[in-house]
Every structure is written in C-alpha cells, then in structure tokens.
Amino acid sequence: MSKYSSVIGYAAFLFLHLFFIGKCIYSFERTNGAVVLFLVILALLIYSYSFLFRDQFNMKGKLFEFLALVIGSLLTFYLNNELGWGGVIASAAVGLVGGLLPYLNRSSEALKSAAIAIYCGSFVGMASNSLFDEIHYIFIASAISGLFYIYTRGLFIGYGGKLGSVAFSGVLATVILFMLR
C-alpha cells in the first residue's frame, strides 16, 4: 500500500476524531454538519479504496487481518452482551486468545498480525446493547474499523492507543451512519 492511500485513510481517521470533539463542543443538530462530515469521510474512504487495487501489497494478508478483526469484535460483543461478561472481561478474554495464536506457529507472520487485529476487534466488541441493539450494527462497525485498521497500519507506529482509536473510529462512523437515517 502506498503512503498516499495511507494518508487518505489517516485523514478520514482524523476527521472522525475531530467530529467527535466538535460534537462535544458544539451541537450539530441545528445544522447539517454531521451529514456533510459523514459524506466527506465516505468520499475519502472510497477514494483511498481505489488505491488499494492499484498498489502492490499482500491482499491475502490484509483480508486475513480484516476478517480477524471482525471475528474478534463479534466474539467480544457476544461475550459482553449475550453472556453478560462485561466489556472489559470479554475484551480481555478475546485478546488473550488472540495473543496466544502466534504460539501455534512461531514462524507465522500471519498469526502475529491476526493477533493484533483480533485485539483491536475486541475493542469494537466492547460496545453495549444500548448503543448497538442488533448484531448487524456491530458487524458494520467492525467492518469500518477493519478498513481503518488496514489504512492506518503503517501510521502511528510506536504510539500507544492506536488500536483503541481505530475501534473508536469504526464505532463512531457507524453511529453517525445510523444517526442520519
């Protein structure tokens, strides 16, 4: 993946965080600011998605990480809301299972990267039933988070909080999406 498409993904990622801060400071209910911001973010994602097919990168590995993130979020959501484990315990359990995956085959880079993606997905799955009352909402949130995860993979290396921010961005984008309907 080129730096250009990563920068576009980062811009969408940054806009979501700025939207959240703006929403906290100023109410967008009287204006169509939320609609405009969501359309800008969507346009940036679609534009950067077009670069994925032009760039040379390991599509199979990215798809595996994407699926690992989605599975991690769905499993955490199930443990959190259906079994009543709570968000922290469910995320910790899924993160632990994901963290043990590389020990199945120590030379596998795919399992190492899947472990990180599963842990990121566990943060998405911490959402409660009051936010997402049906499973398709968490699936959409995890898919958006998976895209952000892939787009920002080369960014924020060495900084803490990236996985939580990626999860937050996917959940926020889903909330904005369904808030507009």
Side-chain angles (χ1 to χ4, degrees), residues 1-24 34-55 57-77 80 87 91 94-95 98-99 110 112-128 131-132 135-180:
M1 189 171 352
S2 74
K3 283 189 173 185
Y4 193 61
S5 59
S6 290
V7 169
I8 293 169
Y10 171 71
F13 182 75
L14 181 65
F15 280 140
L16 275 172
H17 285 80
L18 292 175
F19 169 79
F20 179 72
I21 293 169
K23 183 72 172 161
C24 290
V35 174
V36 171
L37 189 60
F38 180 75
L39 292 175
V40 167
I41 292 167
L42 185 63
L44 283 171
L45 282 174
I46 291 170
Y47 181 69
S48 61
Y49 186 72
S50 68
F51 283 96
L52 288 177
F53 294 108
R54 292 186 216 155
D55 298 338
F57 73 102
N58 181 4
M59 183 62 178
K60 193 178 205 181
K62 302 298 183 208
L63 182 62
F64 186 62
E65 290 175 8
F66 178 84
L67 291 175
L69 190 143
V70 171
I71 290 168
S73 67
L74 293 175
L75 183 59
T76 304
F77 187 77
N80 178 18
S91 176
V94 171
K112 290 177 185 174
S113 61
I116 298 169
I118 288 171
Y119 191 52
C120 182
S122 75
F123 294 143
V124 176
M126 291 175 76
S128 71
L131 186 59
F132 298 130
I135 195 74
H136 68 274
Y137 294 124
I138 199 70
F139 179 78
I140 293 168
S142 63
I144 293 171
S145 294
L147 289 175
F148 279 124
Y149 179 80
I150 290 170
Y151 285 136
T152 61
R153 195 164 194 273
L155 301 170
F156 302 123
I157 295 174
Y159 294 98
K162 176 184 174 182
L163 299 180
S165 293
V166 166
F168 171 75
S169 296
V171 170
L172 181 61
T174 305
V175 168
I176 292 170
L177 176 68
F178 287 102
M179 181 177 72
L180 299 177

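Computed from a predicted model, the values in this text were never measured in an experiment.
Between F132 and T174, some side-chain heavy-atom pair lies under the 4.5 Å cut-off. Side-chain contact between I71 and I118 is absent, with no heavy atoms from C-beta onward closer than 4.5 Å. You'll find the side chain of F123 stays beyond 4.5 Å of the side chain of V171, heavy atoms only. Contact check for T76 versus V124: no side-chain heavy atoms found under the 4.5 Å cut-off. A heavy-atom distance below 4.5 Å is found between the side chains of S145 and L69.
Interatomic distance, CZ of F148 versus CG of L163, reported as 14.5 Å (0.5 Å rounding). One distance of note links CD1 of I135 with CD1 of I140; it measures 11.0 Å at 0.5 Å rounding. To the nearest 0.5 Å, the span separating NZ on K162 from SG on C120 amounts to 8.5 Å. In this structure, CG in L147 is found 12.0 Å from OG in S169, a value given to the nearest 0.5 Å.
Closest of all the heavy-atom pairs between A68 and A117 is CB-CB, 4.1 Å. Counting all heavy atoms, side chain and backbone alike, N80 lies closest to G87 at OD1-N, 3.1 Å. Of all the heavy atoms in S128 and F77, the pair that sits closest is O-CE1, 4.3 Å. Nearest heavy-atom pair across S113 and A110 is OG-O, 3.0 Å. Here the closest non-hydrogen pair linking V94 and G72 is CG1-O, 3.8 Å.
By the 30° and 60° cut-offs, the orientation of the rings of H136 relative to F178 is perpendicular.
The number of heavy-atom neighbours closer than 6.0 Å to OH of Y119, taken from other residues, nucleotides and ligands shown, is 12 or below.
Side chains of S91 and S122: a donor-acceptor N/O pair is present below 3.5 angstrom, by distance only.
Between Y149 and F66, the ring center distance fails the sub-6.0 Å criterion.
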